[in-house]
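Here's the structure we're looking at; comments come further down.
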Amino acid sequence: MYTTYHLTSAQEASIDILDSIKIAFKSKPVTIIVEESYKDFDLTTDMKSILDERIQENGKNYLTAEESINHLNKRYGL
């Protein structure tokens, strides 16, 4: 089973969350991973320049996402 808890701040972490994990998973092993959310992502000036250049390119040569993944798989064995 896989469960994700999204909290707006670390202050929301409570005993109730731990109790619900204990109830849901009983004596099964669990892994708890805590990561900081990076919703506020700012593009650098270089990133913006690259994106601006890409917008100006001729779109008829673009690859679909599936084509890109296939090329990466063939080239790098991903």
Side-chain angles (χ1 to χ4, degrees):
M1 184 188 331
Y2 179 86
T3 304
T4 303
Y5 294 88
H6 295 278
L7 308 175
T8 56
S9 81
Q11 300 306 312
E12 289 185 20
S14 68
I15 293 297
D16 294 336
I17 292 172
L18 288 175
D19 288 341
S20 68
I21 293 170
K22 289 177 183 179
I23 291 168
F25 292 92
K26 297 184 177 41
S27 61
K28 298 174 187 166
V30 297
T31 301
I32 298 174
I33 299 172
V34 178
E35 68 180 8
E36 188 175 1
S37 178
Y38 293 102
K39 290 184 181 179
D40 298 331
F41 180 77
D42 293 326
L43 295 173
T44 65
T45 303
D46 289 339
M47 291 174 175
K48 291 176 184 177
S49 296
I50 291 169
L51 291 172
D52 287 340
E53 289 173 18
R54 292 297 306 259
I55 288 173
Q56 301 304 318
E57 291 178 1
N58 184 346
K60 70 179 183 177
N61 296 326
Y62 286 173
L63 299 174
T64 66
E66 185 175 338
E67 290 170 329
S68 294
I69 290 171
N70 287 337
H71 284 287
L72 290 170
N73 281 330
K74 287 178 186 174
R75 187 172 193 156
Y76 300 110
L78 301 176

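Computed from heavy atoms alone, side chains included, the values below leave out hydrogens, waters and symmetry copies.
Inter-residue side-chain proximity for Asp19 and Lys22 is flagged as met; some heavy-atom pair is nearer than 4.5 Å. Using a 4.5 Å heavy-atom cutoff, the side chains of Thr45 and Lys48 are not in contact. Between Gln56 and Asp52, the closest side-chain pair of non-hydrogen atoms is not below 4.5 Å. Using a 4.5 Å heavy-atom cutoff, the side chains of His71 and Tyr76 are not in contact. Between Asn70 and Glu67 the shortest side-chain heavy-atom distance does not fall below 4.5 Å. The side-chain heavy atoms of Leu7 and Ile17, taken from C-beta on, include a pair separated by under 4.5 Å.
Rounded to the nearest 0.5 Å, atoms CG (Leu72) and CG (Leu63) are 9.5 Å apart. Here the OH atom belonging to Tyr2 is positioned 11.0 Å from the OG1 atom belonging to Thr31, to the nearest 0.5 angstrom. Here the CD1-CG distance, from Ile23 to Asp16, works out to 9.5 Å after rounding to the nearest 0.5 Å.
Val30 and Tyr5 fall within the same hydrophobic cluster, defined by Ile, Leu, Val, Met, Phe, Trp and Tyr side-chain heavy atoms under 4.5 Å apart, directly or through other members.
Between Tyr62 and Arg54, the shortest heavy-atom contact is OH-O, 2.9 Å.
More than 12 heavy atoms of other residues, nucleotides or ligands sit less than 6.0 Å from atom CG of Leu51. At most 12 non-hydrogen atoms from other residues, nucleotides or ligands lie less than 6.0 angstrom from CD of Gln11.
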